[in-house]
Amino acid sequence: MSTSHDARTPRFTTLLATWRRSVVQRFEPVDVVTLAYIAVATAAVLAFSGHDHAGWNLLLTAHALILVLVLIAPAARQAGPVGRFLGDWYPMLLLGGLYAEVGVLNVDLAYQHDLAVQRLELWAFGSQLSYRWIREMPNPLLSWYLHGCYLAYYAILYSSPLGLWLSGRRAAARHTIFAVMITFYLCYVVFLFFPVAGPRYAFDLAHNAATDVWPARATQWLLDRGDSWGAAFPSSHVAAAVVAAVCALRYWRRLGLVLAPFTIGLVLSVVYGQFHYAVDAVAGLIVAGAVLASHAIYYATAPAAAPAALAERGLETGRA
């Protein structure tokens with residue numbers, strides 16, 4: 001009996017090692033964090049959907065499809081330029097759907113923690129900055145700049161990795177996508193379990209010269225049609241935009257310098273436009289700082305074999 005057991009143990013160990021080499025080690029870090037987020041989001045769906053079984057089924061079906069995408073991503077990356085692009089970029093292409101899911105679940109929950117955040121805002125700043133700023137400083141030029149920067153959010157978010165990708169800095173683009181997606185996943189987990197609607201819903205909206213300018217009206221129009229309820233704290237707009245811009249500065253300074261003024265304006269705009277509490281923006285900066293620090297540590301301690309792997313794939317790292 002013991003001899004048979006001893007004979008099976010090496011075989012099991014060999015099979016496990018082969019499975020790890022052929023499956024687990026083929027996944028990129030972004031695949032792993034996407035799987036982790038889908039597991040957490042699935043738990044949230046099961047816990048919070050209540051009796052809405054139609055919504056429950058749709059969300060779980062979406063999660064199953066995302067799981068399939070993650071599982072086929074390693075093969076896609078070996079299937080030529082188009083497959084490589086889709087295998088690396090699929091998480092960024094899913095952002096809209098994942099963001100919308102947060103709002104669906106939070107509406108089902110029907111509660112929010114705005115009062116706690118408002119108290120924190122009062123303690124930290126002495127007043128509700130998101131309510132007062134645009135009312136006490138209704139400057140049309142300032143409003144044009146800040147709301148314009150807010151509208152540039154997706155341009156900041158995607159032009160950072162896309163610019164790196166198109167300039168041949170493929171490894172840097174993948175590192176940036178990884179950092180941006182970790183940022184979103186962290187924010188989304190907080191949204192799911194600590195929903196905050198934000199000052200846009202908690203307070204009456206301002207009506208003055210600052211809100212009459214075209215970028216302000218366009219922003220409100222877009223938010224009326226595409227906002228996700230309960231996704232205010234921390235500000236994922238601030239966190240993700242800062243991470244994307246800083247990664248651009250790190251990997252291609254000229255691109256980062258182009259994005260910097262828009263990113264700074266966006267950080268300010270989320271409070272000026274009454275989209276987020278000021279503490280939401282501060283929390284977003286803290287998330288961004290934590291992600292960027294861990295990102296730097298992770299790649300500083302990554303195996304030195306990475307350049308060889310890049311060379312095998314025929315990828316260019318690019319130069320500033």
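Predicted model, so just to flag it, every value in this text is computed and none were measured.
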Undergrad: Donor-acceptor check, side chain of S160 to backbone of L157, threshold 3.5 angstrom: yes or no?
TA: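 Not at all, since once roles are kept as given, no pair shorter than 3.5 Å links the two residues.
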Undergrad: Testing the basics here: between S143 and A216, what is the closest heavy-atom pair and its distance to 0.1 Å?
TA: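 Looks like OG-CB, 4.1 Å.
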Undergrad: The criterion is ring-ring contact (aromatic ring centres under 6.0 Å, His included); which residues satisfy it with H63, sequence neighbours excluded?
TA: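 In terms of ring-ring contact (aromatic ring centres under 6.0 Å, His included), with neighbours along the sequence ignored, H63 is linked to no residue.
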Undergrad: For Q118 and Q128, indicate whether the former's side chain and the latter's backbone hold a donor-acceptor pair under 3.5 Å.
TA: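 No; zero donor-acceptor contacts below 3.5 Å.
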Undergrad: Applying ring-ring contact (aromatic ring centres under 6.0 Å, His included), name anything that partners F275, two or more places apart in sequence or on another chain.
TA: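 ring-ring contact (aromatic ring centres under 6.0 Å, His included) check on F275 returns H147, Y150.
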Undergrad: Is there a donor-acceptor pair under 3.5 Å between the side chain of R170 and the backbone N or O of W165?
TA: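 Checked: pair present.
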Undergrad: Distance-only, no hydrogens or angles: does the S269 side chain make a donor-acceptor pair with backbone N or O of L266 under 3.5 Å?
TA: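 Yes; judged by distance alone, with no hydrogens or angles, the pair exists.
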Undergrad: Could you work out, with ring-ring contact (aromatic ring centres under 6.0 Å, His included) as the rule, every residue matching Y158, not counting sequence neighbours?
TA: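 Expected list: none.
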Undergrad: Please confirm whether the backbone N or O of F184 pairs with a side-chain atom of Y99, one donor and one acceptor, at under 3.5 Å?
TA: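 Not at all, since once roles are kept as given, no pair shorter than 3.5 Å links the two residues.
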Undergrad: For the side chain of T219 and the backbone of P215, is there at least one donor-acceptor N/O pair under 3.5 Å apart?
TA: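 Yes, the answer is positive, given that a donor and an acceptor are paired below the 3.5 Å cut-off.
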Undergrad: For Y37, is the OH atom crowded, meaning more than 12 foreign heavy atoms sit under 6.0 Å from it?
TA: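 Enclosed.
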Undergrad: Please report the closest heavy-atom contact between G163 and L255, naming both atoms and the distance.
TA: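 Where G163 meets L255 most closely, the heavy atoms are CA-CD2, 4.2 Å.
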Undergrad: Checking Y145 now: which residues fulfil ring-ring contact (aromatic ring centres under 6.0 Å, His included) with it, not counting sequence neighbours?
TA: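 Partners of Y145 under the ring-ring contact (aromatic ring centres under 6.0 Å, His included) test: none.
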Undergrad: Any salt bridge (charged side-chain N to carboxylate O under 4.0 Å, His left out) pairs touching residues 120-141, not counting sequence neighbours?
TA: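 Every salt bridge (charged side-chain N to carboxylate O under 4.0 Å, His left out) pair that includes a residue of residues 120-141, provided the two are not neighbours, is R132-E136.
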Undergrad: Is a side-chain N or O of D114 found less than 3.5 angstrom from the main chain of V117, in a donor-acceptor match?
TA: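 Side chain of D114 to backbone of V117: no pair is present.
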Undergrad: For V70, run the side-chain contact (heavy atoms from CB on, under 4.5 Å) check against L65, L35, V32 and tell me which one passes.
TA: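 Of the listed residues L65, L35, V32, the side-chain contact (heavy atoms from CB on, under 4.5 Å) partner of V70 is L35.
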Undergrad: Give every donor-acceptor pair under 3.5 Å between a side-chain atom in residues 187-206 and any protein atom, sequence neighbours left out.
TA:
unit_1: R200; atom_1: NE; unit_2: Q220; atom_2: OE1; d: 3.0
unit_1: R200; atom_1: NH2; unit_2: Q220; atom_2: OE1; d: 3.1
unit_1: R200; atom_1: NH2; unit_2: D224; atom_2: OD1; d: 2.5
unit_1: Y201; atom_1: OH; unit_2: D227; atom_2: OD2; d: 2.8

